[in-house]
Amino acid sequence: MNWIIDRIENNIAVCEYDTGKTIDIPLSALPDGAKEGDVLTLCLNSVQMKNRQERINNLMNNLFKD
């Protein structure tokens, strides 16, 4: 999914979806230096998700050992 930073108003980036709809994102949530006209790409990272789930499961298993 791509978003284009249409404009920045009061530390809010107004981003436009591929469909033409817009979403407001706090400028602080975007990479440093993001500016009007930049294209942001949103994707899922299943490898990192799996690693996080395994880490959490290990922590829980260690916490709740008999």
Side-chain angles (χ1 to χ4, degrees):
M1 174 183 291
N2 291 320
W3 296 336
I4 299 168
I5 300 176
D6 181 61
R7 62 189 179 279
I8 296 173
E9 302 175 340
N10 302 320
N11 291 321
I12 298 291
V14 179
C15 300
E16 186 176 323
Y17 288 79
D18 296 334
T19 62
K21 293 183 179 185
T22 61
I23 183 171
D24 295 346
I25 302 175
L27 198 54
S28 61
L30 299 180
D32 290 339
K35 61 188 180 311
E36 293 176 0
D38 285 348
V39 177
L40 306 169
T41 301
L42 178 68
C43 64
L44 297 175
N45 187 322
S46 58
V47 172
Q48 283 189 8
M49 180 189 68
K50 182 179 177 186
N51 291 341
R52 290 173 56 89
Q53 285 176 331
E54 287 176 1
R55 183 176 154 264
I56 289 168
N57 286 338
N58 288 336
L59 288 170
M60 288 178 54
N61 288 338
N62 289 332
L63 183 64
F64 297 112
K65 278 186 180 177
D66 288 338

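Start at 1 with the first residue, then count along the sequence.
- Summarising the geometry of L27 relative to A34, their closest heavy-atom pair is CD1-O, 4.5 Å, with the distance given to 0.1 Å.
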Fill in: Derivation and outcome, side-chain contact (heavy atoms from CB on, under 4.5 Å), residues M49 and L44
CA-CA 9 Å; M49 180 189 68; L44 297 175; over 6 Å; no
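- The neighbour count for E9 CD, taken as heavy atoms of other residues, nucleotides or ligands under 6.0 Å away, is above 12.
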Worksheet item: After noting the C-alpha distance and the side-chain angles of V47 and K50, does the key distance pass the side-chain contact (heavy atoms from CB on, under 4.5 Å) rule?
Response: CA-CA 5 Å; V47 172; K50 182 179 177 186; 5.9 Å; no
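- Of the listed residues (D38, N2, L40), just one forms a side-chain contact (heavy atoms from CB on, under 4.5 Å) with C15, and that residue is L40.
- Between I8 atom CD1 and D24 atom CG the span is 12.0 Å, to the nearest 0.5 Å.
- The hydrophobic clustering, which links ILVMFWY residues whose side-chain heavy atoms are closer than 4.5 Å, places L42 and Y17 together.
- At distances below 3.5 Å, not a single donor-acceptor pair connects side-chain atoms of N58 with backbone N or O atoms of R55.
- Checked against W3 for a side-chain contact (heavy atoms from CB on, under 4.5 Å), the options I25, T41, V39 give a single hit: I25.
- The two residues P26 and I12 come nearest to each other via the heavy atoms CA-CD1, 4.0 Å.
- If you take CG on N51 and CD1 on I56, they are separated by 11.0 Å, rounding to the nearest 0.5 Å.
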